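Right, one structure below, let's go through it.
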Amino acid sequence: NEKIIKTIGVEEFIDNVYIITVSKRGQIKRTLLKEFVAQRYSKPICTMKMLKNHELADVIFTSGNSDLLIISSNGLATFFNENELTPLGNKTAGVKSLNNIKDGHIVSIHAFEQDEKAKLLLLTDKGNLRIFDSSNVNKTERLGKATVLFKTFKYDPHTLIYAKKLDKDVV
């Protein structure tokens, strides 16, 4: 019952490049890219040990000192440096990435180089779009206070279904 959520082509397994994986329930893990070199092609490489009822939400490459923006379906975001995550091997589950997800789940994770600013596109299940500037999210510690990207109301709930970092030449 597995499905592909993202493919990333790798030509060279560079020493200081990391892969960050995050589950929908908020488990996050940082692994060196070189951990994914295939020793045997007949056996798949495990990327993250999933806890019960967890699914992988997103995967990204990082430079070793990137800032990570994690966005949840209920409009919360956290922004912290990847060095707060200890590099772990392939068969581990990771650590908690965001407090107070409640009934939501992680939608996406985005990497930013130091002092990089970008705009992000958010799409809700009701068809609403919002473009916001990453500079509006305060950098905190990993489990620090989350930033509210959009409010969702009890009688008119919106659920984030898609988030994308926009290219500089697009906006």
Side-chain angles (χ1 to χ4, degrees), residues 1-74 76-116 118 120-122 134 137 139-147 149 159-167:
N1 293 331
E2 293 182 1
K3 62 183 179 181
I4 296 171
I5 63 160
K6 187 179 271 187
T7 59
I8 303 171
V10 177
E11 290 183 22
E12 186 179 342
F13 290 86
I14 302 169
D15 286 344
N16 59 348
V17 173
Y18 293 86
I19 289 188
I20 306 284
T21 51
V22 65
S23 77
K24 288 189 176 185
R25 293 323 255 140
Q27 292 296 109
I28 189 168
K29 187 174 103 172
R30 178 181 180 215
T31 307
L32 277 166
L33 177 62
K34 66 182 180 180
E35 294 277 333
F36 294 93
V37 174
Q39 303 297 326
R40 295 184 310 185
Y41 292 98
S42 61
K43 186 176 178 184
I45 299 171
C46 176
T47 214
M48 183 178 200
K49 182 179 179 183
M50 301 305 278
L51 302 174
K52 190 175 182 175
N53 298 324
H54 279 225
E55 290 180 50
L56 200 60
D58 206 356
V59 179
I60 57 169
F61 276 124
T62 62
S63 65
N65 195 29
S66 300
D67 292 326
L68 305 176
L69 177 66
I70 300 173
I71 304 173
S72 74
S73 62
N74 53 359
L76 297 177
T78 187
F79 194 44
F80 61 92
N81 189 277
E82 75 173 284
N83 288 313
E84 289 190 42
L85 302 170
T86 304
L88 299 170
N90 283 339
K91 296 179 182 173
T92 58
V95 296
K96 190 175 181 180
S97 65
L98 179 65
N99 281 328
N100 299 323
I101 301 177
K102 296 181 183 169
D103 297 328
H105 62 273
I106 301 298
V107 173
S108 65
I109 183 170
H110 306 276
F112 292 81
E113 293 308 313
Q114 294 298 309
D115 300 322
E116 176 187 3
L120 284 101
L121 172 77
L122 305 178
S134 64
V137 181
K139 198 165 156 185
T140 64
E141 294 180 358
R142 178 171 49 94
L143 295 175
K145 185 176 180 187
T147 301
L149 301 181
T159 302
L160 184 69
I161 58 171
Y162 181 76
K164 178 169 176 43
K165 184 174 158 183
L166 299 175
D167 295 330

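Only a predicted model underlies this, so the values are computations on that prediction, with no experimental measurement involved.
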For residues 5-13, tabulate all N or O donor-acceptor pairs below 3.5 Å that involve a side-chain atom, not counting sequence neighbours.
| unit_1 | atom_1 | unit_2 | atom_2 | d |
| --- | --- | --- | --- | --- |
| Lys6 | NZ | Asp58 | OD1 | 3.0 |
| Lys6 | NZ | Val59 | O | 2.8 |

Please tell me if the side chains of [X] and [Y] come closer than 4.5 Å, counting only heavy atoms from C-beta onward.
| X | Y | answer |
| --- | --- | --- |
| Glu35 | Leu33 | no |
| Leu56 | Thr21 | yes |
| Leu69 | Val137 | yes |
| Lys29 | Thr92 | yes |
| Ile20 | Ile109 | yes |

Side chain to side chain donor-acceptor pair (under 3.5 Å) with [X]: which residues, sequence neighbours excluded?
| X | result |
| --- | --- |
| Asn74 | Ser72 |
| Ser23 | His54 |
| Asn65 | Asn81, Asn83 |
| Ser63 | Ser66, Glu113 |

Partner set under salt bridge (charged side-chain N to carboxylate O under 4.0 Å, His left out) for Glu116, not counting sequence neighbours:
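If we apply the salt bridge (charged side-chain N to carboxylate O under 4.0 Å, His left out) test to Glu116, skipping adjacent residues, the hits are Lys165.
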Applying salt bridge (charged side-chain N to carboxylate O under 4.0 Å, His left out), can you list everything that pairs with Arg25, at least two apart in sequence or on another chain?
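If we apply the salt bridge (charged side-chain N to carboxylate O under 4.0 Å, His left out) test to Arg25, skipping adjacent residues, there are no hits.
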Are the side chain of Asp67 and the backbone N or O of Ala111 linked by a donor-acceptor pair below 3.5 Å?
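No; judged by distance alone, with no hydrogens or angles, the pair does not exist.
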Of all residues at least two apart in sequence or in a different chain, which pass the side chain to side chain contact (heavy atoms under 4.5 Å, CB included) check with [X]?
| X | value |
| --- | --- |
| Lys24 | Glu55, Ala57, His105 |
| Lys96 | Gln27, Asn99, Arg142, Leu143 |
| Ala163 | Ile71, Ser108, His110, Leu122, Leu160 |
| Lys49 | Ala93 |

Calculate, to the nearest 0.5 Å, the distance between atoms [atom1] and [atom2] belonging to [X] and [Y] respectively.
| X | Y | atom1 | atom2 | value |
| --- | --- | --- | --- | --- |
| Thr47 | Lys91 | OG1 | NZ | 12.5 Å |
| Phe79 | Leu68 | CZ | CG | 8.5 Å |
| Met48 | Ile28 | CE | CD1 | 7.5 Å |
| Thr31 | Leu85 | OG1 | CG | 10.0 Å |

Under the ring pair (Phe, Tyr, Trp, His ring centres under 6.0 Å) rule, collect the residues that match up with Phe80, sequence neighbours excluded.
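With neighbours one apart ignored, the set is empty.
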Considering non-hydrogen atoms only, spot the tightest contact between Leu76 and Ala146 and give its length.
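Nearest heavy atoms, Leu76 then Ala146: CB-CB, 4.2 Å.
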For Glu141, is the CD atom crowded, meaning more than 12 foreign heavy atoms sit under 6.0 Å from it?
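Not more than 12 within 6.0 Å, no.
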If you apply the rule side-chain contact (heavy atoms from CB on, under 4.5 Å), what do you find for Thr78 with Thr147, and how did you get there?
CA-CA 6 Å; Thr78 187; Thr147 301; over 6 Å; no
